[in-house]
A.B. asks: 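One structure follows; several queries about it will come next.
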Amino acid sequence: MPRPDAAAPASSIEPAEAGLLHRRIRDWFAASARDLPWRRPGCDPWGILVSEFMLQQTPVVRVLPVWEQWMQRWPRPADLAADSAGEAVRAWGRLGYPRRALRLHAAAAAIVDRHGGRVPDDHASLLELPGVGTYTAAAVASFAFGLPETVVDTNIRRVHARLVTGAALPAPTLTAAEMRLAQKLMPGSGTKEWNAGAMELGALICTARSPRCDACPVMDRCAWVKAGRPEPHYVPKGQAWAGTDRQVRGAMMAVLREAESSVPRGILLGSMELAVLPSAYQGPLAALRALPAGDEQLGRALDGLLTDGLAVTAGDGISLPG
DNA sequence: GACACGTGGCA
DNA sequence: TTGCCAAGTGT
């Protein structure tokens with residue numbers, strides 16, 4: 001049975017065709033890449049690792065200012081490891097998914113403990129760091145150390161789906177066929193520029209919505225364009241937000257980030273009046289109170305934060321982890 | 001493999 | 001305005 005959105009067999013890419021794609025995309029990258037600070041020659045592996053953590057599910061424009069602050073404050077892994085996890089979470093600000101801040105802090109500690117304070121330069125060691133999965137390990141190995149790792153992120157998956165497979169979008173989850181295709185497409189040299197170029201092409205040109213095919217360096221080779229740019233075969237599953245525990249957790253985290261010290265549990269749960277509280281977190285607190293969350297959901301959200309280590313019990317209250 | 005997990009910009 | 005989407009990871 002045909003599976004239209006599955007990746008094509010790797011054997012369908014001829015060496016000459018692959019060579020053409022390598023040349024075109026790397027040339028395009030050299031001419032069109034954004035000047036991002038973590039791509040500059042002076043950026044060390046730690047700066048690249050920090051950028052990869054922040055870029056997980058978060059757009060570049062929002063990462064830029066926070067990355068600059070982090071590198072200024074914690075220029076080496078040991079600097080971050082010497083500070084508290086709570087400070088990392090606070091400095092994470094509103095980037096989202098604050099557990100990434102916790103894991104980056106833990107990764108810094110692991111780098112100090114297990115690697116003498118230097119970011120490890122092999123895929124296996126990187127993969128053992130907290131918060132580092134298949135993608136991030138390959139990205140750091142490739143971008144920081146120039147190793148010939150196969151990087152597969154959401155941009156690259158979409159580029160491959162269109163260019164080679166002819167589908168409008170990649171499958172909902174990463175498949176083994178996609179990994180084989182990505183490996184088959186890897187050039188014999190210049191892998192760093194190939195990985196970065198394919199990713200950048202997906203981010204700037206071959207975008208999820210309204211791709212700019214007129215500016216694409218490989219439009220004439222694109223299987224999806226040749227097929228008449230068919231619609232996706234499935235409807236992407238949306239992310240619920242309003243009324244979810246995530247929304248409540250986010251509002252509670254905003255209160256904890258802004259608070260100078262610990263926050264009484266009853267304040268977070270809405271069972272205690274504000275009266276004479278220090279005013280630092282009144283804004284975030286008002287936002288939390290405005291949510292249509294019942295006692296049960298408030299309790300569940302707080303328990304989740306405590307379980308995840310994003311918050312800890314401190315005296316009679318709740319605070320960011322020490 | 002399906003889910004949970006933040007946040008804000010853009011069409 | 002509502003919904004989609006962004007350099008994923010851990011369970």
Side-chain angles (χ1 to χ4, degrees), chain A residues 29 33-34 36-39 47-67 89 92-104 106-107 126-144 149-159 168-176 182 192 195-204 206-211 232 234-257 284 287-288 291 300-301 303-305 307-311:
Chain A
F29 181 68
R34 290 168 291 183
L36 302 175
W38 45 85
R39 283 181 180 159
I48 291 172
L49 180 66
V50 171
S51 80
E52 292 300 342
F53 266 83
M54 292 182 173
L55 288 163
Q56 291 168 4
Q57 300 282 282
T58 304
V60 166
V61 290
R62 288 177 44 212
V63 165
L64 282 168
V66 183
W67 184 88
V89 171
W92 196 256
R94 304 188 66 80
L95 276 185
Y97 291 142
R99 50 174 57 172
R100 290 180 295 165
L102 227 42
R103 290 175 182 151
L104 179 50
L126 287 163
L127 200 50
E128 290 177 19
L129 298 174
V132 174
T134 306
Y135 161 76
T136 301
V140 173
S142 178
F143 302 146
E149 295 290 335
T150 302
V151 176
V152 180
D153 78 323
T154 189
N155 290 304
I156 289 177
R157 294 183 63 214
R158 188 172 55 251
V159 168
L169 294 173
T173 57
L174 179 61
T175 64
K192 174 177 168 180
N195 285 329
M199 198 176 307
E200 191 78 338
L201 186 64
L204 298 184
C206 195
T207 53
R209 289 175 296 189
S210 308
Y234 69 97
V235 180
K237 190 167 173 248
Q239 308 172 30
W241 176 245
T244 62
D245 288 1
R246 290 165 77 178
Q247 186 183 32
V248 179
R249 287 169 55 116
M252 285 183 175
M253 286 302 297
V255 173
L256 295 175
R257 279 197 307 269
L288 173 61
L291 296 179
R300 194 166 58 237
D303 285 347
L305 294 179
T307 298
D308 288 352
L310 284 165

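Computation of the quantities below employed the complete heavy-atom set of this structure, encompassing side-chain atoms and omitting hydrogens, waters and symmetry-equivalent molecules.
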A.B. asks: Is there a donor-acceptor pair closer than 3.5 Å between any side-chain N or O of A:Asp153 and the backbone N or O of A:Met199?
C.D. replies: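 No.
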
A.B. asks: I want to confirm an ordering. Mapping A:Leu95 and A:Leu174 to their closest nucleotides on DNA chain B, which one lands closer to the 5' end?
C.D. replies: A:Leu174

A.B. asks: Distance alone, cut at 3.5 Å: any donor-acceptor contact between the side chains of A:Tyr135 and A:Glu52?
C.D. replies: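 Indeed, the side chains of A:Tyr135 and A:Glu52 share at least one donor-acceptor pair under 3.5 Å.
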
A.B. asks: Pairs under 3.5 angstrom, nitrogen or oxygen only, protein versus nucleotides 3-5 of chain B, please.
C.D. replies:
from: B:dC5; atom 1: N3; to: A:Tyr97; atom 2: OH; distance (Å): 3.4

A.B. asks: A:Met54 has an atom CE; how far is it from atom P of C:dT9, in whole Å?
C.D. replies: 16 Å

A.B. asks: For the pair A:Ser142 (side chain) and A:Ala138 (backbone), establish whether a donor and an acceptor sit closer than 3.5 Å, ignoring hydrogens and angles.
C.D. replies: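 No; zero donor-acceptor contacts below 3.5 Å.
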
A.B. asks: Please tell me which of A:Val61 and A:Thr58 maps to the more 5' nucleotide of DNA chain B, matching each residue to the nucleotide holding its nearest heavy atom.
C.D. replies: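 Nearer the 5' end of the strand: A:Thr58.
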
A.B. asks: Any idea which of C:dA7, C:dA6, C:dT9 is nearest the A:Gln56 side chain?
C.D. replies: C:dT9

A.B. asks: Describe the nucleic acid contact of A:Thr207 in one word from base, sugar-phosphate, nothing, applying a heavy-atom distance below 4.0 Å.
C.D. replies: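 Result for A:Thr207 = nothing.
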
A.B. asks: Does any residue of residues 126-135 of chain A have a heavy atom under 4.0 Å from DNA chain C, and if so, which ones, in number order?
C.D. replies: A:Pro130, A:Gly131, A:Val132, A:Gly133, A:Thr134, A:Tyr135

A.B. asks: Atom CG of A:Leu55 and atom P of B:dT7: how far apart are they, to the nearest Å?
C.D. replies: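 In whole Å, B:dT7 P and A:Leu55 CG are 17 Å from each other.
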
A.B. asks: Indicate yes or no: at least one non-hydrogen side-chain atom of A:Val50 is less than 4.5 angstrom from one of A:Trp67.
C.D. replies: yes

A.B. asks: Taking for each residue the nucleotide of DNA chain C with the nearest heavy atom, is it A:Ala203 or A:Arg209 whose nucleotide lies nearer the 5' end?
C.D. replies: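 Result of the comparison: A:Arg209.
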
A.B. asks: Starting at atom CG of A:Leu169, determine the distance to atom P of C:dA6, rounded to an integer number of angstrom.
C.D. replies: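 Spelled out: CG on A:Leu169 to P on C:dA6 is 9 Å.
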
A.B. asks: For A:Leu127 and A:Thr134, which heavy atoms make the closest approach, and how far apart are they?
C.D. replies: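 Scanning both residues completely, I find the closest heavy atoms to be CD1-N, 3.7 Å.
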
A.B. asks: Using a cut-off of 4.0 Å on non-hydrogen atoms, how would the nucleic acid contact of A:Trp92 be classed: base, sugar-phosphate, or nothing?
C.D. replies: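 No contact.
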
A.B. asks: When you get a sec, tell me which of B:dG6, C:dA7, B:dT7 is the closest nucleotide to the side chain of A:Arg257?
C.D. replies: B:dT7

A.B. asks: Using a heavy-atom cut-off of 4.0 Å across all strands, would you classify A:Arg157 as base, sugar-phosphate, or nothing?
C.D. replies: nothing

A.B. asks: Donor-acceptor pair, A:Arg246 side chain versus A:Trp241 backbone, under 3.5 Å?
C.D. replies: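 No: the side chain of A:Arg246 does not pair with the backbone of A:Trp241.
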
A.B. asks: Let me know the distance between CG of A:Leu64 and C1' of C:dA7, rounded to the nearest Å.
C.D. replies: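 Nearest whole value for this atom pair: 12 Å.
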
A.B. asks: I need the CZ-C1' distance between A:Arg62 and B:dG9, as an integer number of Å.
C.D. replies: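 Taking CZ of A:Arg62 and C1' of B:dG9, I get 8 Å after rounding.
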
A.B. asks: Taking the nucleotide of DNA chain C with the closest heavy atom to each, which residue, A:Ala137 or A:Ala208, is nearer the 5' end?
C.D. replies: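 The residue whose closest nucleotide sits nearer the 5' end is A:Ala208.
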
A.B. asks: Do side-chain atoms of A:Arg157 reach the backbone of A:Thr173 as a donor and acceptor pair under 3.5 angstrom?
C.D. replies: yes

A.B. asks: Given atom CZ of A:Phe53 and atom P of C:dG10, what is their separation to the nearest angstrom?
C.D. replies: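 To the nearest whole Å, that distance equals 8 Å.
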
A.B. asks: Do A:Arg100 and C:dT9 have a side chain to base donor-acceptor pair shorter than 3.5 Å?
C.D. replies: no

A.B. asks: Rounded to whole angstrom units, what separation is found between the CZ atom of A:Arg103 and the P atom of C:dA7?
C.D. replies: 19 Å

A.B. asks: Base, sugar-phosphate, or nothing for A:Thr154, non-hydrogen atoms under 4.0 angstrom?
C.D. replies: sugar-phosphate

A.B. asks: If you apply the rule side-chain contact (heavy atoms from CB on, under 4.5 Å), what do you find for A:Arg39 with A:Glu200, and how did you get there?
C.D. replies: CA-CA 12 Å; A:Arg39 283 181 180 159; A:Glu200 191 78 338; 2.7 Å; yes

A.B. asks: Check every strand shown and say whether A:Ile156 touches a base, only sugar-phosphate, or nothing at a heavy-atom separation below 4.0 Å.
C.D. replies: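 Here A:Ile156 touches no strand at all.
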
A.B. asks: Search all heavy atoms of A:Ala144 against all heavy atoms of A:Ile48 and return the closest pair with its distance.
C.D. replies: CA-CD1, 3.6 Å

A.B. asks: Determine the Euclidean distance between corresponding P atoms of B:dA4 and C:dA7; express it in Å to zero decimal places.
C.D. replies: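 Roughly 23 Å separates the two P atoms.
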
A.B. asks: With distance as the sole test, does A:Arg257 use its side chain to make a donor-acceptor pair with the main-chain N or O of A:Arg94 at under 3.5 Å?
C.D. replies: no

A.B. asks: Between C:dT11 and B:dG6, how far is it from one P atom to the other, in whole Å?
C.D. replies: 14 Å

A.B. asks: For A:Phe53, does its backbone N or O pair with a side-chain atom of A:Arg100 as donor and acceptor, under 3.5 Å?
C.D. replies: yes

